[in-house]
Amino acid sequence: MSYVKQEYQEYIDIISQFSKKNILVFGDMGVDRYTVGVVERISPEAPVPIVLVTHEWDKLGLSANVADNITAVGAKSSVVGLVGNDFTAKEFVELLETSRIKASGLVKDSSRRTVLKERIETDRQQLMRVDYENLAALTPAIEAKLLAQFKTALKTADCVIIQDYAKGTLTEKLIQAAIKETKRAKKWLLIDPHSSRPIHWYEGGTVFKPNLKEAERLSGVSIVDDESLCVAGQNLLKFSKSDWVVITRGKDGMAIFSKKSKKVDLIPTFAREVFDVSGAGDTVVAIMALSLVSGATLIQASVLANMAAGVVVAKRGTATVKIDEILQQIDLFSQA
């Protein structure tokens with residue numbers, strides 16, 4: 001990790017700017033619920049375990065987890081997204097307020113329910129996940145409200161993240177309108193896509209950030225070695241019309257492609273222990289966005305994002321990272 005040692009002070013300076021930045025997150029919003037208990041017997045009603053609940057907690061989920069990661073390191077964040085007119089929506093707003101995330105960009109649609117993902121677990125494993133959601137198409141009126149909220153929030157944002165979980169909020173029309181408005185405002189735009197969407201929906205962002213599976217599906221290339229990785233990356237640059245493509249590769253780190261260069265930059269993983277990878281991609285895009293608007297190069301932003309993800313995967317559930325944890329990672333790997 002010699003480059004971390006060589007640029008140690010630059011990384012510290014980048015992080016010191018986080019608290020001055022405001023990132024807008026546009027995408028699907030929801031609540032993650034964790035219900036944890038012990039299993040001591042099988043139900044007499046059916047051959048399934050009975051979970052005696054010992055504790056439970058709710059936290060911000062889907063795209064709101066990206067915003068949560070942003071405010072967790074001392075920056076500002078606002079969200080634009082869709083909720084229902086139900087109890088989960090009220091709880092969601094309370095969770096936003098607790099995390100100091102601006103909630104004025106939310107649009108209510110009484111015909112939908114707010115997305116809730118409930119994970120039923122023991123201390124050792126997840127037994128079941130129950131999803132509450134509505135994937136019906138948006139009405140033109142709701143689309144118009146979401147775009148209006150986006151335009152308002154964009155005025156005070158330093159950067160935009162479009163985070164697509166394919167839960168019904170982001171239509172082709174909305175994504176393309178958001179890209180157009182962000183480019184007009186000359187602000188950074190990071191796009192975290194969903195593999196079920198046609199890639200042309202995402203044309204024109206600054207940084208396109210798929211994970212490995214998404215990269216394979218959206219590029220049409222099975223990534224099995226360095227050669228196929230490079231072909232996939234170049235395809236994604238061409239298809240997404242982005243300035244950069246960053247493929248997150250789990251234990252293999254990241255691969256960075258630029259439309260100005262044919263070479264690939266490989267960033268290693270910084271994870272020492274892996275407990276739960278859920279939400280790691282949210283952490284990556286959050287810290288990457290903050291780093292870029294704080295003066296980092298894309299390679300520096302990717303290193304910091306990977307360090308942050310290395311902390312998060314050692315935690316349970318969709319977790320966030322703290323500023324001191326990233327600083328500890330910098331100190332650790334600068335000495336390696």
| task | Run the numbers on Ile247 and Phe257 for side-chain contact (heavy atoms from CB on, under 4.5 Å), then give the verdict. | result | CA-CA 8 Å; Ile247 301 175; Phe257 301 86; 3.8 Å; yes

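- Considering only heavy atoms from C-beta on, Ile191 comes within 4.5 Å of Ile179 through its side chain.
- Ser19 places no side-chain N or O within 3.5 Å of a backbone atom of Gly74 that could act as its donor or acceptor partner.
- Annotation: the span from Lys259 atom NZ to Lys241 atom NZ amounts to 11.0 Å, rounded to 0.5 Å.
- If you take CD1 on Ile70 and CG on Asn22, they are separated by 8.5 Å, rounding to the nearest 0.5 Å.
- A 6.0 Å sphere centred on NZ of Lys102 holds no more than 12 heavy atoms belonging to other residues, nucleotides or ligands.
- Annotation for Val221 and Ala232: closest pair CB-CB, 4.0 Å, computed over non-hydrogen atoms.
- Rounding to the nearest 0.5 Å places CD of Glu216 at 10.5 Å from OG of Ser195.
- Looking only at side-chain heavy atoms (C-beta outward), Val39 and Leu127 come within less than 4.5 Å of each other.
- Under the 4.0 Å criterion applied to side-chain N and carboxylate O atoms, Lys117 and Asp131 are not assigned as salt-bridge partners.
- The hydrophobic clustering, which links ILVMFWY residues whose side-chain heavy atoms are closer than 4.5 Å, places Ile42 and Leu52 apart.
- Within the 4.5 Å cutoff, no side-chain heavy atoms of Pro193 are placed close to those of Asp164.
- Side-chain contact between Leu229 and Arg249 is present, with heavy atoms from C-beta onward closer than 4.5 Å.
- By the 4.0 Å N-to-carboxylate-O rule, Arg184 lies close enough to Glu181 to be salt-bridged with it.
- Counted by atom type alone, Ser291 and Gln300 present zero donor-acceptor pairs between their side chains at under 3.5 Å.
- Of all heavy-atom pairs between Ile14 and Ser294, the closest is O-CB, 3.5 Å.
- Between Asp32 and Arg119, at least one side-chain N (NZ, or NE/NH1/NH2) sits under 4.0 Å from a carboxylate O, which counts as a salt bridge.
- Thr71 contributes a side-chain N or O that, together with a main-chain N or O of Asp68, makes up a donor-acceptor pair within less than 3.5 Å.
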| field | Audit row: Met254, Asp265, side-chain contact (heavy atoms from CB on, under 4.5 Å) steps and yes/no | value | CA-CA 8 Å; Met254 296 179 182; Asp265 291 298; over 6 Å; no

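- Side chain of Thr182 to main chain of Val160: no donor-acceptor pair is present (N/O by atom type, distance under 3.5 Å, no hydrogens or angles).
- Just one residue in the list Thr320, Thr283, Asp282 forms a side chain to side chain donor-acceptor pair (under 3.5 Å) with Asn69, and that residue is Thr283.
- Transitive grouping of hydrophobic side chains (ILVMFWY, heavy atoms separated by less than 4.5 Å) keeps Ile223 and Val231 in distinct clusters.
- For the residue pair Gln9 / Asp13, a side-chain donor-acceptor distance below 3.5 Å is found, with atom types taken as modelled.
- Between Ile199 and Phe208, the closest side-chain pair of non-hydrogen atoms falls below 4.5 Å.
- Note: the hydrophobic cluster containing Val311 also contains Val303 (ILVMFWY, side chain heavy atoms under 4.5 Å, direct or indirect links).
- Screening Val79, Leu60, Leu62 for a side-chain contact (heavy atoms from CB on, under 4.5 Å) involving Met29 leaves a single residue, Val79.
- Looking only at atom types and distance, the side chain of Lys167 has no donor-acceptor partner in the side chain of Asn134 under 3.5 Å away.
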| task | Evaluate side-chain contact (heavy atoms from CB on, under 4.5 Å) for Glu143 paired with Lys173, printing each intermediate quantity in order. | result | CA-CA 8 Å; Glu143 269 192 326; Lys173 179 180 178 180; 3.6 Å; yes

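- Using a distance-only test at 3.5 Å, with no hydrogens or angles considered, no donor-acceptor pair links the side chain of Arg197 to the main chain of Glu172.
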| said: Does Tyr165 form a side chain to side chain donor-acceptor pair (under 3.5 Å) with Asp192? I'd like the steps, not just the answer. | reply: CA-CA 9 Å; Tyr165 274 94; Asp192 201 336; over 6 Å; no

| request: Carefully, step by step, assess Lys21 and Asp158 under the rule salt bridge (Lys or Arg N to Asp or Glu O under 4.0 Å). | output: CA-CA 6 Å; Lys21 304 304 178 182; Asp158 296 300; 5.2 Å; no

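- For the residue pair Ile287 and Ala308, the shortest heavy atom distance occurs at CG1-CB, 3.7 Å.
- In this structure, Ser99 contributes its side chain and Leu96 its backbone to no donor-acceptor pair below 3.5 Å.
- Nearest heavy-atom pair, Ala309 versus Val284, reported as atom, atom and distance to 0.1 Å: CB-CG2, 3.7 Å.
- Within the model, atoms CG of Leu290 and CH2 of Trp188 stand 13.0 Å from one another, a figure rounded to the nearest 0.5 Å.
- Contact annotation: the side chain of Gln176 approaches that of Glu203 to within less than 4.5 Å [non-hydrogen atoms, C-beta and beyond].
- Under the 4.5 Å side-chain criterion, counting only non-hydrogen atoms from C-beta, Thr169 is in contact with Leu146.
- With respect to Trp244, the side-chain contact (heavy atoms from CB on, under 4.5 Å) criterion is satisfied by exactly one of Leu190, Leu292, Leu298: Leu298.
- Under the 4.5 Å side-chain heavy-atom criterion for Ile, Leu, Val, Met, Phe, Trp and Tyr, Ile120 and Val48 are members of distinct hydrophobic clusters.
- The same ILVMFWY cluster, assembled from side-chain heavy atoms under 4.5 Å apart, contains both Tyr11 and Leu327.
- Note that OG1 of Thr35 and NE2 of His55 are 9.5 Å apart. Values are rounded to the nearest 0.5 Å.
- Counted by atom type alone, Asp86 and Thr114 present one or more donor-acceptor pairs between their side chains at under 3.5 Å.
- The closest side-chain heavy-atom distance from Val115 to Asp28 is not below 4.5 Å.
- To the nearest 0.5 Å, atoms CD (Gln149) and CG (Leu154) are separated by 12.5 Å.
- Counted within 6.0 Å of NZ on Lys145, heavy atoms from surrounding residues, nucleotides or ligands total 12 or fewer; the atom is thus considered open.
- Between Asp58 and Arg33, at least one side-chain nitrogen of the basic residue sits less than 4.0 Å from a carboxylate oxygen of the acidic one, meeting the salt-bridge criterion.
- Residues Ser111 and Asp109 bring a donor and an acceptor atom of their side chains to less than 3.5 Å of each other.
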| task | Determine, step by step, whether Thr248 and Asn211 satisfy the side chain to side chain donor-acceptor pair (under 3.5 Å) criterion, reporting the C-alpha distance in whole Å, the side-chain angles of both residues, the deciding distance to 0.1 Å, and the verdict. | result | CA-CA 5 Å; Thr248 55; Asn211 62 29; 5.6 Å; no

| task | Please lay out, stage by stage, how Phe26 and Ile161 fare under the test side-chain contact (heavy atoms from CB on, under 4.5 Å). | result | CA-CA 6 Å; Phe26 185 27; Ile161 297 172; over 6 Å; no

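- Residue Lys322 comes nearest to Val73 through the heavy atom pair C-CG1, 4.2 Å, listed as atom of the first residue, atom of the second, then distance.
- Taking all atoms of both residues into account, the shortest heavy-atom contact from Gly253 to Asn306 is CA-ND2, 3.7 Å.
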